[in-house]
Number of protein chains: 2
Amino acid sequence: MVADMQSRGSAHRTGRPRSVEADEAILAATRAALVDLGWSGLTLGDVATRAGVAKTTLYRRWAGKNELVVDAVAALFDELELPDRGTLAADIEGVVLQFAAILARPEAKSGLLAVLAESTRDDALRERIRTSVVDRQKRLVLEGRARAQVRGELPPESDPSSADRTVNLIFDMVAGAVVHRTLVSAEPVDTPWAQSFTRVLLLGLAGAASHP
Amino acid sequence: MVADMQSRGSAHRTGRPRSVEADEAILAATRAALVDLGWSGLTLGDVATRAGVAKTTLYRRWAGKNELVVDAVAALFDELELPDRGTLAADIEGVVLQFAAILARPEAKSGLLAVLAESTRDDALRERIRTSVVDRQKRLVLEGRARAQVRGELPPESDPSSADRTVNLIFDMVAGAVVHRTLVSAEPVDTPWAQSFTRVLLLGLAGAASHP
DNA sequence: CGCTTTCGCTACGGCTCGTAGCGTAACTGT
DNA sequence: ACAGTTACGCTACGAGCCGTAGCGAAAGCG
C-alpha cells in the first residue's frame with residue numbers, strides 16, 4: 001500500500017533499511033498539508049519540513065505529488081468495513097454513511113479529486129488509484145451481495161457475466177451518488193438521505209430482477 | 001458566463017472596448033492546452049501564446065487558472081439539451097448519453113475534476129461552478145419531470161419540499177453514476193449501460209412513490 | 001482632436017521544482 | 001571488529017512558472 005519501489009518481497013538484505021516511521025510521518029504530514037493548504041498549495045518541500053525529513057528522502061520514495069497523495073489518501077479508506085446489520089438495506093445504508101464520512105474530510109475531498117484529475121492523463125496513476133482505493137470499496141459491494149444471498153434477500157446469480165455487470169452498475173450508482181452529493185452538490189450525506197437513496201436503489205434492483 | 005469583471009450591465013461607455021474575439025480565442029486555447037498538457041501541465045503563459053494574446057491581457061480578465069478553466073469547460077455544456085423522446089425512460093437515457101459524451105472529452109475530464117478539487121477550498125469558485133455548470137444540468141431533471149407529469153408517467157408533486165428533495169436525489173444519482181463510471185471506473189457509458197441504469201432508477205422511483 | 005481604456009511587449013523578484021554532491025548514520029556478513 | 005552497502009540530512013543549483021509593473025501604441029467616444 002505504500003511505496004514499494006525497490007523493496008519488493010524480501011529484497012535488500014544489506015545496507016541501511018528505510019525508516020518506516022519516516023513513511024508514516026510523511027503520509028501524515030501530507031494529509032495535514034492537504035487540510036491546511038489544499039492540493040494546489042501543497043508543496044513537497046513543505047511536506048518534508050512538516051514530517052521532519054529531508055526533501056531528498058521524500059523524492060527517493062515517491063515519484064511526485066500525485067503518487068504521494070494517492071498513498072496518503074488511500075490510508076483513509078483502511079477503516080472501511082461492512083459490519084453485518086441484519087438486512088441488505090441496513091448494510092447499504094451503513095456503507096453509504098461510512099463512505100460519506102471519509103469523503104467529508106477535507107484531506108479526502110481535495111486530494112481524491114485532484115489525483116483523479118491527473119489520472120485521466122496517466123494510466124499508471126489510474127491503476128494505482130484503482131488498486132489502493134476503488135477496489136477496496138468495490139469489495140464491500142461483493143460482500144454485501146453474498147450476505148444478502150445467504151439471507152435469501154437476493155437470488156443466487158445465474159449468468160456470471162451478467163452478475164458482474166450488475167455489480168459494476170450498483171457500484172457506480174452507490175459510489176457515484178455519494179461522491180456527487182458530497183463533492184459536487186456539497187450537501188451532507190445524513191441518515192435521511194442515505195435511507196431515501198437506499199430505498200430507491202433496492203426497489204429498482206428488485207424490480208429489475210423480477211421482470212427481466 | 002464569461003469574465004464579467006467590470007462590464008456589468010452597460011458600464012464602460014468610454015475607452016477602448018475589450019476584444020470579444022480574444023475572449024473566445026483564450027477559452028479555445030485553454031481547452032486545447034487541457035487536451036495537450038492536462039491540468040497540471042497547463043500554464044497561463046502557454047495559453048496566452050496559443051491564443052495569440054499577451055499574458056497580461058489574460059490576467060486582466062481572469063484571476064487565475066481556476067476561473068479560466070471553469071469558463072473554458074462550462075462552454076462545453078452549452079450543447080446540453082433535452083429533446084422530447086416520447087417517454088420518461090427515453091428522455092433519461094438520452095440525457096445520460098449526452099452528458100457522458102461531454103464528460104468523455106479529455107478537456108472536460110481533467111478540467112472539471114481539477115476545478116472541483118480546488119472548489120473544496122474556495123467557496124467563490126464552487127459558486128461559479130454551480131451556476132455555470134451544475135445548475136445547467138439540473139434544469140434538465142426539472143424539465144424531464146415536468147414532461148413526465150404531463151404524460152401522466154409521474155404524479156404531480158404533493159409536498160413541494162419533498163419534491164425538491166427528490167429532484168436533488170435523482171440529480172445526484174444520475175450525474176453521480178455517469179461521472180463515476182466515466183471518470184473513476186473509466187469505462188464507457190454506452191447504450192446498454194444507459195438502459196440498465198435507467199431501468200433500475202425508474203423502477204426504484206416508481207416503487208418509492210407507490211408504497212410511501 | 002483630447003480622453004479613456006485596452007493592448008502587446010519587456011522585465012523583474014519570488015517561489016517551487018527536481019537533482020547532484022557530500023559527509024554521516026544504520027545495518028549486514030565475514 | 002571491520003569493510004561493504006544503502007539510507008539519511010544538508011546544501012546548493014539551474015530551470016520554469018507566477019503574477020505584477022511600466023511603457024508606448026492602438027481603438028473607441030464625445
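Every chain is numbered from 1 and lettered A, B, ... according to where its sequence line falls, protein lines coming before strand lines.
Rounding to whole angstrom units, CD1 of residue B:I26 and P of C:dG8 are separated by 8 Å. Atom CD in B:E21 sits roughly 11 Å away from atom P in C:dG8 (whole-Å rounding). Atom NZ in A:K55 sits about 10 Å away from atom P in C:dT19, given to the nearest Å. Between the P atom of C:dC17 and the CG atom of A:N66 lies a distance of 12 Å, rounded to the nearest Å. What separates CH2 of A:W62 from P of C:dC17 is a distance of 16 Å, to the nearest Å. As rounded to whole Å, 10 Å separates atom P of C:dG8 from atom CG of B:L58. Separating the NZ atom of B:K65 from the C1' atom of D:dG16 is a distance of 13 Å, rounded to the nearest angstrom. Atoms OH (A:Y59) and P (C:dG18) sit 4 Å apart, rounded to a whole Å.
Nearest nucleotide to the side chain of A:A54, out of D:dG19, D:dA26, D:dC10: D:dC10. Comparing atom distances between the A:L44 side chain and each of D:dG28, C:dG18, D:dC17 picks out C:dG18 as nearest. Considering only side-chain atoms of B:T57, the nucleotide from C:dG8, D:dA7, D:dT5 that sits closest is C:dG8.
Contact annotation: side chain of A:R60 to base of D:dA7, donor-acceptor pair absent below 3.5 Å. At a cut-off of 3.5 angstrom, counting only N and O atoms as typed in the model, there is a donor on one side and an acceptor on the other between the side-chain of B:R16 and the base of C:dT6. Judged by distance alone, with hydrogens and angles left aside, A:R18 brings no side-chain donor or acceptor close enough to the base of D:dA7 to form a pair under 3.5 Å. Between the side chain of B:T56 and the base of C:dC9, a donor-acceptor pair under 3.5 Å is found.
A donor-acceptor contact closer than 3.5 angstrom is absent between the side chains of A:E79 and A:Q98.
With respect to A:R128 and A:E118, no salt bridge is recorded, no charged nitrogen being found less than 4.0 Å from a carboxylate O. For B:R126 and B:D122, the salt-bridge test fails: no basic side-chain N is under 4.0 Å from an acidic carboxylate O.
Cation-pi geometry between B:K65 and B:W39 is met: the NZ or CZ atom falls under 6.0 Å from the ring centre, inside 45° of the normal.
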Passes side-chain contact (heavy atoms from CB on, under 4.5 Å), B:W62 versus B:L44? Steps please. CA-CA 10 Å; B:W62 285 279; B:L44 296 194; over 6 Å; no
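Within the nucleic acid shown, B:G52 comes within 4.0 Å of sugar-phosphate atoms alone, with no base atom in reach, counting heavy atoms only.
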